[in-house]
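Contents: one structure, followed by commentary.
Residue numbers start at 1 and run along the sequence shown. Both counts, for ligands and for their atoms, begin at 1 and track the order of listing. Note that this is a predicted model, so its numbers are computed, not measured.
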Amino acid sequence: MTDDLRPVTAEDITVAARASFAGAPDGRLRFLLQHLVEHLHGYAREVRLTAAEWEAAIAFLTETGRACTDRRQEFILLSDALGLSMLVDVLQHPAPPGATESTVLGPFHVEGSPLRPMGSSTVDQDGSGEPAFVSGTVRGTGGQPVAGALLDVWQNAANQLYAVQDPGQPPGNLRGRFRTGADGAFAFWSVRPVDYRIPDDGPVGRMLAATGRHPWRPAHLHIIVSAPGYRTVTTHFFDRTSPHLAGDAVFGVKPSLVGDFVPHRPDEPGAPEGWDGTWYSFERDVVLAPAGG
Ligand code: BEZ
Ligand code: FE
């Protein structure tokens with residue numbers, strides 16, 4: 001029976017697709033999908049999306065999926081390059097006053113970095129870069145030192161690459177986990193991170209090139225700090241001298257996360273043994289918000 005059918009309008013399709021999720025038993029899933037339908041349809045209407053453009057978009061998403069491996073996550077990269085990762089971060093993790101702000105995780109974090117003694121080095125390969133001594137104290141928002149905090153750090157080498165991207169580096173190079181003692185203090189040797197290009201040899205790189213965008217990120221060190229009773233923070237320490245601070249390809253820079261790699265002469269106290277060039281120190285406390293706050 002087709003007697004009660006009438007021509008379908010664009011509006012009818014949106015209403016029907018939205019209603020198709022009305023019976024979803026999980027209220028949050030229902031809410032997310034109904035809003036997704038409304039916004040996707042609204043987008044298609046607003047830009048007058050053509051069939052050819054939608055086919056090209058599907059081909060692009062298919063390629064993005066094909067570019068994913070156990071060492072590369074092109075969808076995270078796409079989310080990062082579209083600013084969506086940072087938007088979700090800002091919406092979900094507003095830092096309470098005084099707490100260290102969060103930023104993107106990025107695709108190069110690897111679980112299970114080597115546990116290293118406090119004060120030791122993450123450098124497992126000579127030639128990784130110019131030595132940098134990173135130190136500070138993990139504190140609560142009340143100023144109290146946090147004992148037993150776990151720091152998980154990772155960064156790139158002078159060749160711009162993270163160990164996970166570079167078969168030429170030992171897998172644990174420039175990665176490490178450190179646990180604070182009673183004073184909450186942390187310290188480790190690393191190298192000065194350098195500006196680098198996000199992987200731009202795949203679909204996301206083609207999107208950047210097609211739109212005249214550059215792939216550069218400002219030099220930074222990644223750090224995740226967790227401790228019982230506190231909210232985990234995933235963040236970066238950025239180098240103030242980077243020319244790309246104002247144009248990060250993934251929109252991850254927050255002014256409070258920018259700091260100074262202070263240069264030192266080789267004859268200054270604390271210089272690394274056997275190094276006769278400039279070395280650096282970077283000092284920064286990490287302030288954790290209380291859990292559930
Ligand atoms: C990173 O900082 O490691 C990163 C973040 C987003 C995209 C690519 C790399
Ligand atoms: Fe990074």
Spell out, as yes or no, whether a donor-acceptor pair under 3.5 Å connects the side chain of [X] to the backbone of [Y].
| X | Y | result |
| --- | --- | --- |
| Trp279 | Arg265 | yes |
| His236 | Gly252 | no |
| Gln165 | Tyr162 | yes |

I'd like to know if the Fe ion (ligand 2) has an N/O/S atom from [X] within less than 2.8 Å of it, counting both backbone and side-chain atoms.
| X | value |
| --- | --- |
| Tyr196 | yes |
| Tyr162 | yes |
| His236 | no |

- Can His244 and Arg197 be counted as having a side-chain donor-acceptor contact under 3.5 angstrom? no
- Do we see a donor-acceptor contact under 3.5 Å between the side chains of Thr235 and Glu101?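 Checked: Thr235/Glu101 side chains show no N/O donor-acceptor pair below 3.5 Å.
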- Query: Thr180 versus Leu151: any side-chain heavy-atom pair under 4.5 Å?
  - Reply: yes
- Item | Side chain, backbone, both or neither: Ile76 near ligand 1, heavy atoms under 4.0 Å |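 It is neither; nothing of Ile76 touches ligand 1.
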- The answer for which part of Tyr196 has a heavy atom under 4.0 Å from ligand 1 is side chain
- Tell me which N, O or S atom of His222 sits nearest to the Fe ion (ligand 2). NE2
- Out of curiosity, is His109 lining ligand 1, as in a heavy atom under 4.0 Å away?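 No; His109 lies far enough from ligand 1 that no heavy-atom distance drops under 4.0 Å.
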- Message: Suppose we measure from atom 9 (C) of ligand 1 to each protein heavy atom; which comes out shortest, and what is that distance?
- Response: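 Ranked first by proximity to atom 9 (C) of ligand 1 is Pro107 CD, 3.3 Å.
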- Which residue and non-hydrogen atom of the protein lie closest to atom 7 (C) of ligand 1, and at what distance in Å?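 For atom 7 (C) of ligand 1, the nearest protein heavy atom comes out as Asp80 OD2, 3.2 Å.
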Would you mind running through ligand 1 and noting each atom that sits below 4.0 Å from a heavy atom of [X]?
| X | answer |
| --- | --- |
| Phe108 | 3 (O), 9 (C) |
| Leu77 | 7 (C), 8 (C) |
| Gly106 | 4 (C), 5 (C), 6 (C) |
| Val250 | 6 (C), 7 (C) |
| His222 | 1 (C), 2 (O), 3 (O) |

- For the residue pair Tyr280 and Phe261, does the interplanar ring angle fall in the parallel (under 30°), tilted (30 to 60°) or perpendicular (over 60°) class? perpendicular
- Task: Assess Arg30 against Phe21: is NZ or CZ under 6.0 Å from the centre of the six-membered ring, and within 45 degrees of the ring's axis?
- Result: no
- Salt-bridge contact Arg192-Asp239 (side-chain N to carboxylate O under 4.0 Å): yes
